[in-house]
There are 2 protein chains.
Amino acid sequence: MPPPSTRVQLLDAAEHLFAERGFRGTSVRAITDRAGANLAAVGYHFGSKAELLAAVIRRVVEPINAAQNAGLDRLLARTPDPSVTDLVEAFAGPLFDEMPVGDEGGARTSRLIVTILGDPAEEMRAWTGPAEDTIRDRFLAAFGRALPGLSPEELWFRVRGILAVTAVDRVQAYQQDAPSGLSPVAGDAARQWAITFLAAALSAPPTGSRS
Amino acid sequence: MPPPSTRVQLLDAAEHLFAERGFRGTSVRAITDRAGANLAAVGYHFGSKAELLAAVIRRVVEPINAAQNAGLDRLLARTPDPSVTDLVEAFAGPLFDEMPVGDEGGARTSRLIVTILGDPAEEMRAWTGPAEDTIRDRFLAAFGRALPGLSPEELWFRVRGILAVTAVDRVQAYQQDAPSGLSPVAGDAARQWAITFLAAALSAPPTGSRS
DNA sequence: CCTTCAATCATACGTTTGTTTGAATCGAAC
DNA sequence: GTTCGATTCAAACAAACGTATGATTGAAGG
């Protein structure tokens with residue numbers, strides 16, 4: 001059952017437009033026009049605009065989830081207690097690597113992710129499945145072993161920081177005006193900076209502890 | 001010219017609704033209904049929905065900007081080269097402290113900020129003035145002195161990380177499902193965690209350096 | 001009492017929105 | 001050559017949208 005071309009062209013068009021203008025800022029007509037399809041195609045293939053969004057998100061998130069899981073598997077096969085830096089690399093790396101080709105440094109996809117995470121609308125959080133929870137729990141457990149003495153709450157705070165930094169920073173890097181004289185960041189440079197930044201942040205001593 | 005009550009009630013209502021549903025997800029009618037005002041009141045007092053948004057943002061951002069500037073002044077009056085932790089505190093602290101009362105730990109206002117930062121729409125970036133650039137440049141310079149050896153690009157990356165962590169983390173803390181068994185973060189605990197997290201992250205050795 | 005002016009009001013306009021409908025089209029199976 | 005299921009199509013739908021208009025209010029000033 002090879003998916004008919006119209007289906008993936010709708011997904012491609014929607015992914016571009018949702019990233020560029022947000023969910024509410026993108027009309028079904030704009031999507032079908034860009035895809036060269038009929039207006040009713042969205043209803044036929046996906047049921048509604050919201051379900052089209054869910055399909056778009058799933059297509060973007062699935063390879064990231066898979067790479068995060070595989071990376072953690074690889075790490076745990078080598079040693080039961082990986083270092084913080086290795087864990088950060090396994091978690092944040094796919095957020096840079098698993099981006100569709102043609103997406104300038106992942107900026108467009110990152111913007112899509114931020115649009116999703118930041119949008120308060122209900123439709124935006126309907127896509128999460130058990131896969132996300134599993135990955136989160138696995139990494140939380142591994143980080144917990146690597147960072148003893150950290151309360152579960154503060155650990156959770158720090159792990160959330162990883163997503164915040166990787167996603168938001170890339171978006172801002174491309175859309176917000178940088179100080180004059182700064183060239184736009186190269187994709188792989190940002191990747192290294194993020195790992196450095198986050199490994200140090202995760203490794204900070206627990207907040208309560210005295211120097 | 002004490003502002004007539006309708007004006008501030010529109011600002012209050014719009015601030016709530018923009019944070020909860022985003023700019024495009026909030027209708028002018030919803031704002032005027034919540035404010036107990038007439039539909040035409042937005043056009044009369046602000047000109048358009050977009051200008052109302054700008055007014056809302058300015059009202060939220062101005063005390064934050066002022067506190068950041070004042071904090072940096074206080075720091076520089078004491079020593080010409082403040083520590084990284086002090087700078088982080090001066091920059092990130094107001095993002096926690098300068099939140100309107102009644103806003104649960106600043107979650108609503110943070111969500112508004114993220115909604116603004118993440119929204120690709122043009123209207124969302126029309127409000128920035130010279131004040132934001134000035135603060136950014138002042139802190140960049142101070143961080144640059146405290147962190148010699150860091151390239152301007154990586155420094156800029158790290159400073160942007162401050163905003164990403166403080167804003168996004170708080171939003172996620174309240175809207176995303178936490179792992180079971182974790183109680184919601186207390187406001188001032190998150191503040192300390194963020195400072196710890198960010199001070200360590202900012203202080204990381206430059207990415208290029210060995211061991 | 002009359003004017004003045006800022007504020008509020010009900011109402012309407014023209015678009016654009018997401019979704020639905022029923023007919024048309026197409027290739028493959030029989 | 002006909003039937004059939006899967007697509008695509010033009011068209012229409014009601015609802016919601018931002019904005020503009022002109023009348024109405026109500027207190028202040030002369």
Side-chain angles (χ1 to χ4, degrees), chain A residues 1-58 112 115-116 119-127, chain B residues 1-57 59 112 115-116 119-127:
Chain A
M1 195 185 293
S5 172
T6 300
R7 216 189 147 87
V8 311
Q9 277 184 280
L10 284 174
L11 285 170
D12 290 341
E15 184 177 318
H16 268 88
L17 292 172
F18 286 154
E20 275 172 20
R21 315 184 198 174
F23 177 68
R24 292 197 157 101
T26 302
S27 69
V28 176
R29 285 165 177 83
I31 297 170
T32 52
D33 283 357
R34 185 185 234 269
N38 186 269
L39 171 59
V42 166
Y44 178 77
H45 285 283
F46 299 95
S48 70
K49 184 189 173 187
E51 292 173 90
L52 169 58
L53 170 72
V56 167
I57 297 176
R58 272 193 295 268
L112 178 64
T115 298
I116 295 157
D119 198 304
E122 291 294 329
E123 301 106 323
M124 296 307 211
R125 241 155 306 288
W127 58 272
Chain B
M1 195 184 289
S5 172
T6 301
R7 214 189 148 89
V8 311
Q9 276 184 282
L10 284 174
L11 285 169
D12 290 341
E15 184 179 316
H16 269 88
L17 292 172
F18 286 154
E20 275 172 22
R21 316 184 198 174
F23 177 68
R24 291 195 159 102
T26 303
S27 69
V28 175
R29 284 167 177 82
I31 298 171
T32 52
D33 282 359
R34 185 187 236 268
N38 186 268
L39 172 59
V42 166
Y44 178 76
H45 285 283
F46 299 94
S48 70
K49 184 188 173 187
E51 292 173 271
L52 169 58
L53 169 73
V56 167
I57 297 176
R59 196 176 63 154
L112 177 63
T115 297
I116 295 158
D119 198 304
E122 291 293 329
E123 301 105 322
M124 297 305 212
R125 240 154 306 288
W127 58 272

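Letters A, B, ... mirror the listed sequences (proteins, then strands); counts begin at 1.
Distance CG (Leu39(B)) to C1' (dA16(D)): 12 Å, rounded to an integer number of Å. Counting to the nearest Å, the P atom of dC9(C) and the CG atom of Leu10(B) are 11 Å from each other. Atom CG in Asp33(A) sits roughly 15 Å away from atom P in dT8(D) (whole-Å rounding). The nearest whole Å value for the distance from the CG atom in Asn38(A) to the P atom in dA11(D) is 11 Å. Atom CZ of Arg21(B) and atom C1' of dC17(D) are 14 Å apart (whole Å). When rounded to the nearest whole Å, the span between CZ of Phe23(B) and P of dG18(D) equals 8 Å. Look at OH on Tyr44(A): it is 17 Å from P on dA23(C), rounded to the nearest Å. Atom CG of Leu53(B) and atom P of dG18(D) are 12 Å apart (whole Å).
Under the 6.0 Å distance and 45° angle rule, Arg7(A) counts as a cation-pi partner of Phe46(A).
For Ser27(B) and dA16(D), the shortest distance from a side-chain N or O to OP1 or OP2 is not below 4.0 Å. An OP1 or OP2 oxygen of dA6(C) is reached within less than 4.0 angstrom by no side-chain nitrogen or oxygen of His45(B). Side-chain nitrogen and oxygen atoms of Thr6(B) include at least one within less than 4.0 Å of the OP1 or OP2 phosphate oxygen of dT8(C).
Residue Thr26(A) is in sugar-phosphate contact alone, with no base atom involved, counting any heavy-atom pair closer than 4.0 Å across all strands shown.
Along DNA chain C, the nucleotide closest to Gly43(A) and the one closest to Ala40(B) are compared, and the more 5′ of them pairs with Ala40(B).
Each of Glu20(B), Arg21(B), His16(B), Arg34(B) was compared with Thr26(B) under the side chain to side chain contact (heavy atoms under 4.5 Å, CB included) criterion, and only Arg21(B) meets it. Partner of Phe18(B) under the side chain to side chain contact (heavy atoms under 4.5 Å, CB included) criterion, out of Ile57(B), Ile31(B), Thr115(B): Ile31(B) alone.
Summarising the geometry, atom CZ belonging to Arg24(B) is positioned 8.5 Å from atom NZ belonging to Lys49(B); distances are rounded to the nearest 0.5 Å.
Distance from the side chain of Ser48(A) is smallest to dT19(C) among dT19(C), dG18(C), dT8(C). The side chain of Arg29(A) lies closest to dT19(C) when the candidates are dG18(D), dT19(C), dT7(D).
Counting only heavy atoms from C-beta outward, the side chains of Val56(B) and Leu112(B) approach each other to under 4.5 Å.
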